[in-house]
Amino acid sequence: MNNFSNSLKRFFGNKNTVTIIGVLICILVLYVGYNYRIKQATTPVRVPYANQTIQPRTLITADMISYTEVLPSTLKGKYILNANLIINKYSNYNTIIPAGSMFYSDAVINERDLPDSAFGAIPEGYTVVSFPVTMASTYGNSMYPGNYINLYFKAINEDTKKLVFGKLISNIEILDVKDSSGNHVFENTSESRTPAYILFAVPEEQHVLIRKAMYLTRISAELIPVPNTATLTEEDTVVLDSQALAQFIIERTERYELEDINISNGDNNNADNNQE
């Protein structure tokens, strides 16, 4: 027994022997690892995919999902392999999942996480305005989120009986366009939705002025959105273009308390009627 133990000590004490064993172990590890990676890359995996086009904000059900086998090497991005992580979830508000597409983690969210995209990037100190529009006043539904508009004011001066008209506020970015049911007009490519409101945000001072102008439209005035064709940058902000028009509006609403000028959606009927 002692002879065998001494033989092992002499065997492993030989530097050449240890080197050869180390090399063999490295080769074995490389061989096993290489074969594992090859097998992993060439063995198809079962992945769920959309068997129909799924519009934004849509509840994903089991009948919208089919399965196929693909090589792992063809998979890119953060895809979802487990259908249980997809079923009864929602497609994201800004995502259309095309038929034949796999499901990616940023395209599938919980219902509670569905944001209203219109309120995602409002500057501090700005207030949102829901401005009534029609198909005609949006130039045939040609005003999109991200577009810029100018607001023109039109009225008759009851003292001089002359027309008062001009650009009131410019560089207003459209945050969203919604129909009369509150649905996003442009989020669904399979439905034709009629614009009823455009949403935008302006500084509080301009917000109050717009509210007062909207109040006057119930009597005899118009507040008209017009596309802004100028090239704007992020440094361009909302601008009051006419102090004279602002003063005209303020003078004709100063006898009202601000709470009396709380224009709710749909109250701007005169403007709608005049623009149609």
Query raised in the report: Same cluster or not: are Ile250 and Tyr152 linked, directly or through other Ile, Leu, Val, Met, Phe, Trp or Tyr residues, by side-chain heavy atoms under 4.5 angstrom apart?
Result: yes
Report task. Answer with yes or no whether the hydrophobic clustering places Tyr144 together with Ile172; edges join I, L, V, M, F, W, Y residues whose side-chain heavy atoms lie under 4.5 Å apart. Result -> yes
Report task. Mark yes or no for whether Thr134, through its side chain, and Ala136, through its backbone, hold a donor-acceptor pair below 3.5 Å. Result -> yes
Query raised in the report: Using the benzene-type ring in the case of Trp, are the ring centres of Phe165 and Phe153 under 6.0 Å apart?
Result: no
Requested in this report: Would you give the length of the straight line joining atom CD of Gln243 to atom CZ of Phe248, rounded to the nearest 0.5 angstrom?
Outcome: 14.5 Å
Requested in this report: First locate atom CG of Asn147, then atom OG1 of Thr138, and finally report the distance between them rounded to the nearest 0.5 Å.
Outcome: 11.0 Å
**Report entry** Counterpart residues, ring pair (Phe, Tyr, Trp, His ring centres under 6.0 Å), relative to Tyr126 (two or more places apart)
**Finding:** none
**Report entry** hydrophobic_cluster_shared for Val239 and Phe200, side chain cutoff 4.5 Å
**Finding:** no
**Report entry** Any donor-acceptor N/O pair, Ser180 side chain to Ala196 backbone, under 3.5 Å
**Finding:** no
Query - Side chain proximity check, Met135 to Pro195, heavy atoms < 4.5 angstrom - result: yes
Query raised in the report: Are the side chain of Asn150 and the backbone N or O of Leu168 linked by a donor-acceptor pair below 3.5 Å?
Result: no
Query - Pairwise salt bridge (charged side-chain N to carboxylate O under 4.0 Å, His left out) hits with a residue in residues 164-174, at least two apart - result: none
Query raised in the report: When you check the side-chain N and O atoms of Thr217 and Glu222, is any donor under 3.5 Å from an acceptor?
Result: no
Query raised in the report: Using a distance-only test with no angle check, is there a side-chain donor-acceptor pair under 3.5 angstrom linking His184 and Arg57?
Result: yes
Query raised in the report: Are more than 12 heavy atoms from other residues, nucleotides or ligands located less than 6.0 Å from atom CD of Gln52?
Result: yes
**Report entry** Spacing of CG belonging to Leu209 relative to CD belonging to Gln247, to within rounding of 0.5 Å
**Finding:** 10.0 Å
Report summary line: Separation between CE (Met143) and OG (Ser137), nearest 0.5 Å, reads 6.5 Å
Query raised in the report: Do you reckon Ile156 sits in the same ILVMFWY cluster as Ile224, going by side-chain contacts under 4.5 Å, direct or chained?
Result: yes
Query raised in the report: Without hydrogens or angle criteria, can the side chains of Asn171 and Asn228 be said to hold a donor-acceptor pair below 3.5 Å?
Result: yes
**Report entry** Atom pair CE (Met214) and OG (Ser130), whose distance is rounded to the nearest 0.5 Å
**Finding:** 7.5 Å
Query raised in the report: Which heavy atom in Pro48 sits nearest to a heavy atom in Leu81, and how many Å separate them?
Result: CD-O, 3.4 Å
Report summary line: Residues joined to Phe103 in its hydrophobic cluster, side chain to side chain under 4.5 Å directly or through other members, sorted by chain and number, are Ile54, Ile60, Met64, Ile65, Tyr67, Ile80, Leu85, Ile86, Ile87, Ile97, Val108
Query raised in the report: If every non-hydrogen atom of Asn51 is compared with every non-hydrogen atom of Ser66, which pair is closest and at what distance?
Result: ND2-OG, 3.1 Å
Query raised in the report: Can you tell me how far the CD1 atom of Ile210 sits from the CG atom of Leu223, to the nearest 0.5 Å?
Result: 7.0 Å
Query raised in the report: Given Glu158 and Arg252, is the salt bridge (Lys or Arg N to Asp or Glu O under 4.0 Å) satisfied, shown in steps?
Result: CA-CA 10 Å; Glu158 63 275 14; Arg252 281 151 184 79; 3.1 Å; yes
**Report entry** Transitive ILVMFWY side-chain link Val226 to Leu151, under 4.5 Å
**Finding:** yes
Query - Pair Thr194-Asp179, side-chain donor/acceptor within less than 3.5 Å - result: no
